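The block underneath contains the structure these notes are about, expressed in C-alpha cells.
Just follow the structure's listing: the first ligand is 1, and inside any ligand the first atom is 1. Reckoned from all heavy atoms, side chains included, excluding hydrogens, waters and symmetry mates. Values in this document were obtained by computation on a predicted structure and should not be read as measured data.
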Amino acid sequence: MIKKITKCLFPVAGYGTRFLPATKAIPKEMLPILTKPLLQYGVEEAIEAGIDTMAIVTGRGKRAVEDHFDKSYELEHQIVNTSKESLMYGIRNIVENYTFTYTRQVEMKGLGHAILTGQSLIGDEPFGVILADDLCYNKDKAVLAQMVALYEKYPDKCIVAIEGIPKEFTNKYGIISGVEIDKNLYLVNDMIEKPEPKDAPSNLAIIGRYIFIPEIFDVIKKTKPGKGDEVQITDALLTLAKKEKVLAYKFDGVRFDCGNVDGFVKATNYFYERGE
Ligand code: UTP
C-alpha cells in the first residue's frame, strides 16, 4: 500500500541576508505579503495538499515562527467580538486543527543539511518540503497538492517542482535535464547546482517544492558539501536521479521568488490586485 504523505518540512533556518536589515530579528519567512506571513501561505498550501503535520526546522532568532503558530490569549481577549476578529479566523483555524513540530538547525550548513536536521520530525515516511520564500499560487489546485497527486502515481520517486527560466539566470538555481515521460513530467538524468549559463544542461530550474522518499536522508548523510561549502540538496538528489528515482514536474500556477526584493514586490502587487 502507498504510504500517504502527512508531513511537510519547512526549512526556515537560513539567514535571509538579501533582506537585511529586515531579517536581523525576524525570519525571512515571517515577512508578510499584505497581512499574511510567507510561512502561513506555505502552511495553507500544505493543508490544501492534505497534510496535517508541519515539521519546522528553525534556528536562532526565529522564535516569531513558533509564536505565530500558537494561541495568543492576550490578543484574542483584546479583539473578541470586535470587527477585527475575522482577521484571525485563518490562523486560528490552523493553530487549532494542525500539528506543528520543531527542531533547530544549529549550524546553517545549507538546505540539504537543514532537511537532514528535520529527519527526527519526519521519521521513515515520504514527505513534502516547502521553501516558504518561494510563494506559489494556483487557484484550482495548489502546487504541492498537484505534486502529492503525482506521488500517488509514482510512489517510489522523489519529485521536484521546476519552472522554465531565462537562461541567464541558471546560476541562481538547481538545473535539471531529463527525458519527458508525460506532459510536463521529466525523468531526471542530470542536475547541477547553480551552473553558469554556458554549463547549464537546460533552462529548467528547481523551485522550492519537493516530495521526498525517506531514502533521501541516507543519501544526504553521504553527500559532501558542494557549492558554497554547503550540503546541497541538488547533489543528494543527483545520486537518486542516477538510479532513476527523481521526477521533475512543471507545475501549473505562478511562483514568486520572495527571497529577493523584486519577487517580493511582485508578489505583493499580485495578491493586492487579486484582493486577497
Ligand atoms: P536560501 O539560500 O534562499 O535562504 O535558502 P537564505 O540563505 O536564508 O537567504 P539569503 O541568500 O541569505 O538571502 C533556501 C531555504 O532554505 C533555508 C532558508 O531558510 C530558505 O527557506 N535554509 C537554508 C535553511 O533552513 N538552512 C540553511 O542552512 C540554509
Side-chain angles (χ1 to χ4, degrees), residues 7-33 37-43 45-46 54-66 68-69 100-122 127-136 143-144 160-163 165 169-175 191 193-195 205-210 212 216-217 220-221 223-237 255-265 267:
K7 294 178 183 164
C8 185
L9 192 74
F10 294 85
V12 302
Y15 290 117
T17 52
R18 284 168 290 171
F19 264 95
L20 284 169
T23 46
K24 191 172 169 222
I26 300 170
K28 171 170 74 171
E29 293 77 6
M30 287 304 292
L31 298 176
I33 298 296
L38 283 167
L39 186 55
Q40 190 177 331
Y41 284 92
V43 167
E45 185 181 330
M54 316 300 153
I56 303 192
V57 178
T58 65
R60 283 179 296 287
K62 305 272 180 174
R63 280 165 63 175
V65 172
E66 284 160 73
H68 187 72
F69 294 103
F100 286 77
T101 61
Y102 296 90
T103 191
R104 274 195 183 199
Q105 189 185 15
V106 175
E107 286 175 281
M108 307 340 160
K109 293 191 205 160
L111 178 58
H113 180 260
I115 291 172
L116 182 60
T117 304
Q119 183 177 17
S120 58
L121 306 177
I122 299 292
F127 59 103
V129 170
I130 288 184
L131 305 186
D133 54 347
D134 258 346
L135 179 50
C136 293
V143 173
L144 196 69
V160 298
I162 51 167
E163 187 175 77
I165 55 153
F169 297 138
T170 56
N171 59 6
K172 296 187 183 351
Y173 295 91
I175 302 292
M191 49 210 313
E193 183 61 21
K194 300 190 172 79
I206 303 173
I207 63 113
R209 297 292 180 278
Y210 308 80
F212 287 115
I216 191 72
F217 292 125
I220 299 174
K221 279 178 204 154
T223 303
K224 297 208 165 61
K227 208 150 215 168
D229 210 25
E230 294 189 337
V231 180
Q232 299 292 349
I233 193 64
T234 311
D235 294 341
L237 275 165
R255 176 195 70 106
F256 299 97
D257 177 4
C258 295
N260 73 63
V261 175
D262 189 56
F264 191 91
V265 171

_Atoms of ligand 1, numbered as shown, that sit under 4.0 Å from any heavy atom of Ala114_ =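 Every atom of ligand 1 under 4.0 Å from some heavy atom of Ala114: 24 (C), 25 (O), 26 (N).
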*Can you list the atoms of ligand 1 that are under 4.0 Å from a heavy atom of Asp133?*
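Those qualifying, in numeric order: 3 (O), 21 (O).
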At what distance is the nearest protein heavy atom to [atom], and which residue and atom is it?
atom	answer
atom 23 (C) of ligand 1	Gly14 CA, 4.0 Å
atom 14 (C) of ligand 1	Leu131 CD1, 4.2 Å
atom 12 (O) of ligand 1	Thr17 OG1, 2.5 Å
atom 28 (O) of ligand 1	Gly110 N, 2.9 Å
atom 25 (O) of ligand 1	Ala13 N, 2.9 Å
atom 7 (O) of ligand 1	Tyr15 N, 4.1 Å
atom 17 (C) of ligand 1	Pro11 O, 3.7 Å
atom 3 (O) of ligand 1	Arg18 NH2, 3.2 Å

Any donor and acceptor pair, going by atom type alone, linking the side chain of [X] with main-chain N or O of [Y] inside 3.5 Å?
X	Y	answer
Lys62	Val12	yes
Arg255	Gly208	no
Thr234	Gly174	no
Thr170	Pro195	yes

*Are Met30 and Val65 side-chain neighbours, meaning at least one heavy-atom pair lies under 4.5 Å?*
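Yes, close enough: below the 4.5 Å cut-off.
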*asked:* My understanding is that only one of Ile115, Leu237, Thr117, Asp235 makes a side chain to side chain contact (heavy atoms under 4.5 Å, CB included) with Ile220; could you say which?
replied: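 The side chain to side chain contact (heavy atoms under 4.5 Å, CB included) with Ile220 is passed solely by Ile115 among Ile115, Leu237, Thr117, Asp235.
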*So which of Asp134, Leu38, Leu131 actually passes side chain to side chain contact (heavy atoms under 4.5 Å, CB included) with Cys258?*
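Passing option: Leu38.
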*For Val57 and ligand 1, answer yes if some heavy atom of the residue is under 4.0 Å from a ligand atom, otherwise no.*
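No, Val57 has no heavy atom closer than 4.0 Å to ligand 1.
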*Qualifying residue for side-chain hydrogen bond (donor to acceptor under 3.5 Å, both in side chains) with His68, from Gln40, Glu29, Arg63*: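 Exactly one candidate clears the test, Gln40.
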_Just to be sure I'm reading this right: ignoring hydrogens, which of Ile56, Leu38, Leu111 gets closest to atom 16 (O) of ligand 1? Compare them by their nearest heavy atoms._
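The nearest heavy atom belongs to Leu111.
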*Which one of Lys28, Glu29, Gln105, Met108 has a non-hydrogen atom at the shortest distance from atom 26 (N) of ligand 1?*
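Checking each option, the heavy atom nearest atom 26 (N) of ligand 1 is found in Gln105.
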*Between Phe10, Phe217, Tyr210, which is the residue that forms a ring-ring contact (aromatic ring centres under 6.0 Å, His included) with Phe127?*
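Passing option: Phe217.
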*What distance do Ile130 atom CD1 and Ile207 atom CD1 have between them, rounded to the nearest 0.5 Å?*
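Between atom CD1 of Ile130 and atom CD1 of Ile207 there are 9.5 Å.
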_Considering both backbone and side-chain atoms of Gly16, is one of its nitrogen or oxygen atoms within less than 3.5 Å of a nitrogen or oxygen in ligand 1?_
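Yes, since at least one N or O of Gly16 sits under 3.5 Å from an N or O of ligand 1.
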*Looking at ligand 1, does any of its N/O atoms fall within less than 3.5 Å of an N/O of Gly259?*
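In this structure, Gly259 places no N or O atom under 3.5 Å from an N or O of ligand 1.
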*Does atom 5 (O) of ligand 1 have a protein non-hydrogen atom under 4.0 Å from it?*
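Given the 4.0 Å limit, the answer for atom 5 (O) of ligand 1 is no, no protein heavy atom qualifies.
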